[in-house]
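Single-structure report; data block below.
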Amino acid sequence: MNNPIILIAVIAAAVILCIVGVIVGFYSGVAHRKKIAEAEFGSAEEKAKSIVEEAEKSATSKKRELLLEAKEENQKLRAALDAEIKERRNELSRQERRINQKEENLDKKADNLEKKEHSYNQKLKALESKEEEIAEIKQQQMALIEKISGLTAEEAKAILLKDIENQTRHEAAIMVKEIEQEAKENAEKNAKNIVALSIQKVAADHVAETTVSVVNLPNDEMKGRIIGREGRNIRTLETLTGVDLIIDDTPEAVIVSSFDPIRREVARLALEKLIVDGRIHPARIEETVEKSRKEVEAIIKQEGESATFETGVHGLHPELIKLLGKLKFRTSYGQNVLKHSVEVSHLAGVMAGELGVDIATAKRAGLLHDIGKAVDHEVEGSHVTIGADIAKKYRENKEVVHAIMAHHGDVEAQTLVAALVQAADAISAARPGARRENLETYIKRLQKLEEIANDFNGVDKSFAIQAGREIRIMIKPEVVSDDSMIIVAKDIVKRIESELEYPGQIKVSLIRETRAVDYAK
């Protein structure tokens with residue numbers, strides 16, 4: 001036992017036995033696991049087969065159920081379709097019966113119409129026969145009348161119409177004359193007294209201005225200084241003021257031209273200050289123009305307040321007072337609009353006092369009637385519409401707004417105040433010397449006035465006199481009778497009113513003269 005060789009052999013044998021045991025155990029375990037796996041695989045196959053069989057059975061059952069449901073749905077749809085087809089057939093049958101009924105009714109109506117038409121034709125033939133008889137009888141009667149009277153039917157008709165026309169004209173002329181006479185008796189005396197009294201109580205100046213202002217120079221050398229190097233001074237002045245400076249051959253004078261009178265006044269004042277000061281350069285021009293603009297604004301405010309004080313109109317909005325002041329620099333046919341407005345206010349107030357109307361409202365409306373002219377070059381529209389909008393904006397009385405709207409006849413005057421403002425405006429404009437016209441326009445107006453009169457039948461000659469405020473017309477006595485003169489005068493007046501524009505009113509005088517001339521031999 002103590003032999004090492006034997007010991008080694010024993011150890012080797014033991015190791016070999018251990019290795020063999022391990023190998024045998026491994027293969028035994030593998031075989032056992034294989035058996036277990038085969039057993040489990042067989043069980044899984046059986047389960048799979050069972051699941052497949054159950055699925056096939058379930059699918060077959062579901063298929064049967066779906067087929068049954070589809071058949072039921074098909075039957076329901078078919079039943080509904082059959083019912084709808086039946087309903088439509090019934091409806092078609094009902095419509096067919098109604099159509100047949102209407103056709104029967106139409107046939108009956110057609111038969112009745114044929115009967116009526118036949119009866120109508122018979123009556124028409126009878127009437128035609130009677131008309132022919134009547135026409136023949138009438139022709140015989142007319143022939144007999146013509147034979148007895150010695151005139152044809154047309155001649156007799158013309159004579160009758162002429163007599164009726166003359167008689168109607170005569171009656172109309174007499175009626176017009178009577179109406180005019182009655183109106184004159186009632187109104188002429190009072191109207192003349194009121195207008196005359198109003199004019200006597202008003203003594204307003206009148207300032208005529210144009211679209212240019214002339215600034216006098218101390219010498220012609222000043223023109224070069226105003227122009228400046230390469231024209232910079234004149235360009236600066238024109239740009240800041242918005243006017244045109246005309247420096248021509250006129251000795252010692254510069255013309256300031258602008259449609260806006262306020263801009264023109266600012267430029268005039270600034271230029272006069274620069275000439276007096278002598279220092280003329282862009283910076284000085286800018287400073288002087290600003291000072292002049294403030295001066296003009298102060299003048300505008302002062303003039304507006306003076307106008308309200310002079311007319312006794314109080315409580316105006318400050319902006320309305322400024323707009324009134326702007327009218328000082330506005331003219332119409334050479335008449336200063338602010339002076340004209342003050343004049344209209346006085347006239348309207350005097351006439352209102354005579355008629356027992358509210359004097360304060362009449363004066364207020366008269367003063368504001370042309371307020372739109374202060375901004376009519378800045379706002380689109382007529383000065384009447386602009387003025388009414390301004391009055392509404394500053395919450396003026398509705399009666400004042402209406403008077404502004406009606407003072408040129410754009411709307412019909414609905415109140416006495418509006419009528420008074422209309423009359424006062426016409427009086428102020430027609431006052432001799434208040435306004436001036438361009439000579440060419442004046443001559444054309446007179447020529448047109450005479451042409452209108454000469455166009456009428458029976459007019460021999462016409463003469464425009466009193467600066468176009470009256471036209472005298474010589475009438476042919478053999479063409480126009482005394483009674484017809486009134487109608488002819490009315491027609492001429494209507495034609496003048498529709499075709500001419502003129503301040504105030506035009507008097508139309510017709511003169512008919514019959515002369516008998518003979519010679520003693």
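From a predicted model like this one, the values you see are computed outputs, not experimental measurements.
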>> Walk me through whether Arg94 and Glu87 qualify under salt bridge (Lys or Arg N to Asp or Glu O under 4.0 Å).
In response: CA-CA 10 Å; Arg94 288 194 293 272; Glu87 179 63 26; 3.6 Å; yes
Within a radius of less than 6.0 Å around [atom1] of [X], do more than 12 heavy atoms belonging to other residues, nucleotides or ligands occur?
X	atom1	value
Tyr120	OH	no
Glu230	CD	no
Arg98	CZ	yes
Glu499	CD	yes
Glu412	CD	no

>> Between Thr60 and Lys57, does the side chain to side chain contact (heavy atoms under 4.5 Å, CB included) criterion hold? Intermediate values first, please.
In response: CA-CA 5 Å; Thr60 303; Lys57 290 179 182 178; 5.8 Å; no
>> Determine whether Ile487 and Asp491 satisfy the following criterion, side chain to side chain contact (heavy atoms under 4.5 Å, CB included), listing intermediate values before the conclusion.
In response: CA-CA 6 Å; Ile487 296 174; Asp491 294 339; 3.8 Å; yes
So, [X] side chain and [Y] main chain: donor-acceptor pair closer than 3.5 Å or not?
X	Y	answer
Ser258	Val243	no
Arg263	Ser257	no
Asn121	Glu117	yes
His346	Glu343	no
Asp370	Lys373	no
Glu272	Val215	no
Ser345	Ser341	no
Ser93	Arg89	yes
Lys448	Leu500	no
Ser129	Lys125	no

Can you check whether [X] reaches [Y] side chain to side chain, under 4.5 Å on heavy atoms?
X	Y	value
Glu136	Glu133	no
Arg78	Gln75	no
Ile386	Val375	yes
Met405	Val384	yes
Lys322	Lys326	no
His369	His340	yes
Leu274	Asn233	no
Leu367	Leu316	yes

> When you look at Arg88 and Glu84, which way does the salt bridge (Lys or Arg N to Asp or Glu O under 4.0 Å) test go after all the steps?
Replying inline: CA-CA 6 Å; Arg88 290 187 177 181; Glu84 185 178 354; 2.9 Å; yes
>> Is it true that Asn397 and His402 share a donor-acceptor pair across their side chains at a distance under 3.5 Å?
In response: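 Checked: His402/Asn397 side chains show no N/O donor-acceptor pair below 3.5 Å.
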Out of curiosity, [X] [atom1] to [Y] [atom2], how far, rounded to the nearest 0.5 Å?
X	Y	atom1	atom2	result
Leu67	Lys63	CG	NZ	6.5 Å
Ile234	Ile285	CD1	CD1	9.5 Å
His281	Arg229	NE2	CZ	13.0 Å
Glu53	Ile51	CD	CD1	10.5 Å
Leu324	Leu338	CG	CG	6.5 Å
Ile359	Glu354	CD1	CD	9.0 Å

Minimum heavy-atom separation for [X] to [Y], with atom names?
X	Y	answer
Ala365	Val400	CA-CG1, 4.0 Å
Ala413	Ala419	CB-N, 4.1 Å
Thr361	Asp358	OG1-OD2, 2.5 Å
Ile404	Ala388	CG2-N, 3.6 Å
Leu420	Ala348	CD1-O, 4.2 Å
Val401	Ala391	CG2-CB, 3.8 Å

> What do the steps show when you test Lys291 against Glu287 for salt bridge (Lys or Arg N to Asp or Glu O under 4.0 Å), and what is the final call?
Replying inline: CA-CA 6 Å; Lys291 287 182 180 179; Glu287 181 184 349; 3.5 Å; yes
>> For a salt bridge (Lys or Arg N to Asp or Glu O under 4.0 Å) check, start with the C-alpha distance between Lys490 and Glu497, then their side-chain angles and the critical distance, and finish with the verdict.
In response: CA-CA 11 Å; Lys490 292 289 183 185; Glu497 289 175 344; over 6 Å; no
> What is the ring orientation for His383 with His408, classed by angle as parallel under 30°, tilted 30 to 60°, or perpendicular over 60°?
Replying inline: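 His383 and His408: perpendicular rings.
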>> Please determine whether side chain to side chain donor-acceptor pair (under 3.5 Å) holds for the pair His118 and Gln122, giving the CA-CA distance in whole Å, both sets of side-chain angles, and the decisive distance to 0.1 Å.
In response: CA-CA 6 Å; His118 180 69; Gln122 289 180 344; 2.9 Å; yes
>> If you apply the rule side chain to side chain contact (heavy atoms under 4.5 Å, CB included), what do you find for Val256 with Leu245, and how did you get there?
In response: CA-CA 5 Å; Val256 180; Leu245 292 181; 3.7 Å; yes
> Hey, are Glu265 and Lys328 close enough for a salt bridge, meaning a charged N less than 4.0 Å from a carboxylate O?
Replying inline: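 Salt bridge between Glu265 and Lys328, a charged N being under 4.0 Å from a carboxylate O: no.
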>> Is there a side chain to side chain contact (heavy atoms under 4.5 Å, CB included) between Leu271 and Thr241? Walk through the geometry before answering.
In response: CA-CA 11 Å; Leu271 193 55; Thr241 58; over 6 Å; no
> So which of Glu396, Glu399, His314 actually passes side chain to side chain donor-acceptor pair (under 3.5 Å) with Arg364?
Replying inline: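 Single pass found, and it is Glu396.
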